[in-house]
Participant: 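Mind looking over this structure? Questions follow.
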Amino acid sequence: MNEKFRKLGFYPADILLPKDCDMTKWAVVACDQFTSEPEYWAAVEETVGEAPSALRLILPEARLKDDNVDEQIAAINGTMQRYLDEGIFTCLQESLIYIERTQSDGRVRHGLIGMVDLEQYDFTPGSGALIRATEGTVLDRIPPRAKVRRGAPIELPHVMLLIDDPKRTVIEPLTSAADGMEALYDFDLMQHGGHIRAFAVSKAQQDAVADALLHLTDREELEAKYGAGDAAPLLFAVGDGNHSLATAKACYEEQKKGLTEEESRALPARYALVEVVNNHDDALQFEPIHRVLFGVDPEHLMHKFRQLFPNAYEGRGEGHTIGVVYEGYEACVTVPDPMMQLAVGTLQSFLDRYIREFGGEVDYIHGDDVTRQLGAERDNMGFLLPAMGKEQLFKTVMADGVLPRKTFSMGHAQDKRYYIESRRIVK
């Protein structure tokens, strides 16, 4: 093992890939997508049929509340073991995999698959860990996921970690070298998921990846990017799949009780397979998530807003500018000298306080037009937020601990990770 990776909390892994399979039928989208569209998963079932597939190794979250969920979990774990026993997989030992994912919009997203040390991950707001959550973790979402993982001999990840690499030093050198690398797979993804191809990363390339990642933690680099050279370095920010990573952490914490550091380091469950993507990848688009309030008095709400932010004024200016829509009214309101890094933080802190005191319900909406339409209805209000710049993500997490919930959306559902690679989590 290259010792440089120990300083990163990120390692090459023994990665399992299916062999002699129809890869289009094998790969299925992340289990937390299309939860309100049973027809999507029905179409996946029809496509897969009796073929070996990752569909048999996951529990779509649309089924988490099924009456027979425990039986489904037992069947999944049994199929995992059967696939292992039948030799469905080939193992790439101590490997990193470079992938190119053509999304539904035609853009190509570039990623690097390896494993992270869960001892280096912390979802607690304000943590100084190398690997941190970007949004608040809802603890109630962990137990049902833990039921799936506890008896599983392998894991299939849909976790995506982001690195802040504006100079494109970690992943992009692999892009230019891909034509000379060993190809691992190349196929179309089902259900309009685009296309994906993958390559094995050589030992020399692994070493270069480690060097580039280490450089991202240099104090000079932290000072240049964030004006915070003395801050605990944030190397990986969780972009997608934080609750899955938190579940892996919780299951590992259960297993390590009473073990020495050396014994816990040998636990396969101490590590989790992930995809790393550069925050500055051109295919990665951050889209704002707006707010619509239902069952409120807009005039009263705006009165309370101005009480909390007495310097706020109508119009655009320096500070946090937020679009406001309600029946007969649409304008922008600017809060100068905000305390939070992002406009969504300024707004969400107020909305949380207002709803606790005066009631109302909030929904999180994609799209300007829908927000305006709903916000203009009687007893509703819409708030349109600016898109978060990519350069703000790491700086905000380092300054504020975590982003406010539902800060941004990272791509469409069909562009999320598809399950392809897996890894043993028991010996």
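Computed from a predicted model, the values in this text were never measured in an experiment. The first residue of the sequence shown is numbered 1, and numbering continues consecutively from there.
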Participant: Aromatic rings Tyr329 and Tyr326: how do their planes relate, parallel, tilted or perpendicular, breaks at 30° and 60°?
Facilitator: parallel

Participant: Hey, could you give me the OG1/CZ distance between Thr334 and Arg316, rounded to the nearest 0.5 Å?
Facilitator: 7.5 Å

Participant: Quick one: are Leu351 and Phe383 in side-chain contact, heavy atoms under 4.5 Å?
Facilitator: yes

Participant: Looking at Lys406, I want to see if its NZ is surrounded by more than 12 non-hydrogen atoms of other residues, nucleotides or ligands under 6.0 Å.
Facilitator: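 No.
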
Participant: If you define the side chain from C-beta out and look only at heavy atoms, does anything of Leu17 sit under 4.5 Å from Phe89?
Facilitator: no

Participant: Hey, is CD on Glu39 packed in by over 12 heavy atoms from elsewhere, all under 6.0 Å?
Facilitator: yes

Participant: Can you confirm whether Glu327 is buried at CD, in the sense that more than 12 heavy atoms of other residues, nucleotides or ligands lie under 6.0 Å from that atom?
Facilitator: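 Result for CD/Glu327: enclosed.
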
Participant: Name the residue from Leu96, Leu235, Ile163 that meets the side-chain contact (heavy atoms from CB on, under 4.5 Å) definition with Phe10.
Facilitator: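 Output: one option passes, namely Leu96.
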
Participant: Looking at side-chain heavy atoms only, is the closest gap between His215 and Thr169 below 4.5 Å?
Facilitator: no

Participant: Aromatic rings Tyr419 and His158: how do their planes relate, parallel, tilted or perpendicular, breaks at 30° and 60°?
Facilitator: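 The arrangement is perpendicular - the two ring planes meet at more than 60°.
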
Participant: Do Arg145 and Glu61 make a side-chain contact, defined as non-hydrogen atoms from C-beta onward lying under 4.5 Å apart?
Facilitator: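 Touching, per the 4.5 Å side-chain cut-off.
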
Participant: Does a salt bridge link Arg63 with Glu45, judged by any charged N lying under 4.0 Å from a carboxylate O?
Facilitator: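 Salt bridge flag = yes for Glu45 with Arg63.
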
Participant: Tell me yes or no: between the side chains of Tyr185 and Glu421, is some donor less than 3.5 Å from an acceptor?
Facilitator: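 Yes, Glu421 and Tyr185 have a side-chain donor paired with an acceptor closer than 3.5 Å.
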
Participant: Please confirm whether Tyr40 and His192 have ring centers closer than 6.0 angstrom.
Facilitator: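 No: the rings miss the under 6.0 Å criterion.
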
Participant: Identify the two heavy atoms, one from Leu130 and one from Gly9, that lie closest to each other, and give their separation to 0.1 Å.
Facilitator: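 Looking at all heavy atoms of both residues, the shortest contact is CD1-N, 4.4 Å.
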
Participant: Would you check if there is a donor-acceptor pair between the side chains of Asp352 and Gln348 at a distance under 3.5 Å?
Facilitator: yes

Participant: For Arg424, does the CZ atom have more than 12 heavy-atom neighbours from other residues, nucleotides or ligands under 6.0 Å away?
Facilitator: no

Participant: Tell me whether Glu46 at atom CD has more than 12 heavy atoms from other residues, nucleotides or ligands lying less than 6.0 Å away.
Facilitator: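 Open.
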
Participant: Can Glu223 and Arg219 be counted as an ion pair, charged N to O under 4.0 angstrom?
Facilitator: no

Participant: Less than 4.5 Å apart, any side-chain heavy atom of Val344 and any of Met388?
Facilitator: no

Participant: Using the side-chain contact (heavy atoms from CB on, under 4.5 Å) rule, pick out the option among Val29, Thr24, Leu55 that qualifies with Met190.
Facilitator: Thr24

Participant: Within a reach of under 6.0 Å around NZ of Lys395, are more than 12 heavy atoms found that belong to other residues, nucleotides or ligands?
Facilitator: no

Participant: May I have all residue pairs that pass side-chain hydrogen bond (donor to acceptor under 3.5 Å, both in side chains) and include part of residues 110-127, sequence neighbours excluded?
Facilitator: His110-Asp281, Asp117-Arg270, Glu119-Tyr252, Glu119-Lys256, Tyr121-Asn242, Asp122-Thr124, Asp122-Ser127

Participant: Is it the case that atom CG in Asn68 sees more than 12 heavy atoms from other parts of the structure closer than 6.0 Å?
Facilitator: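 Counting neighbours around CG of Asn68, more than 12 heavy atoms of other residues, nucleotides or ligands fall under 6.0 Å, so yes.
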
Participant: Do Glu94 and Asp14 make a side-chain contact, defined as non-hydrogen atoms from C-beta onward lying under 4.5 Å apart?
Facilitator: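 Yes. Closest side-chain heavy atoms under 4.5 Å.
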
Participant: Have a look at Gln285 and tell me which of Arg107, His412, Gln103, Arg109 forms a side-chain contact (heavy atoms from CB on, under 4.5 Å) with it.
Facilitator: Arg107

Participant: Can you say whether the rings of Phe286 and Phe408 are parallel (under 30°), tilted (30 to 60°) or perpendicular (over 60°)?
Facilitator: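 Phe286 vs Phe408 ring planes: parallel.
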
Participant: Is the closest basic N to carboxylate O distance between Asp240 and Arg417 below 4.0 Å?
Facilitator: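 Result for this pair is no, no salt bridge flagged.
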
Participant: Side-chain donor-acceptor pair under 3.5 Å between His303 and Gln307, yes or no?
Facilitator: yes

Participant: Does any part of the side chain of Val159, heavy atoms only, come nearer than 4.5 Å to the side chain of Phe236, both counted from C-beta?
Facilitator: no

Participant: Measuring only between side-chain heavy atoms, which start at C-beta, is Lys304 closer than 4.5 Å to Arg353?
Facilitator: no

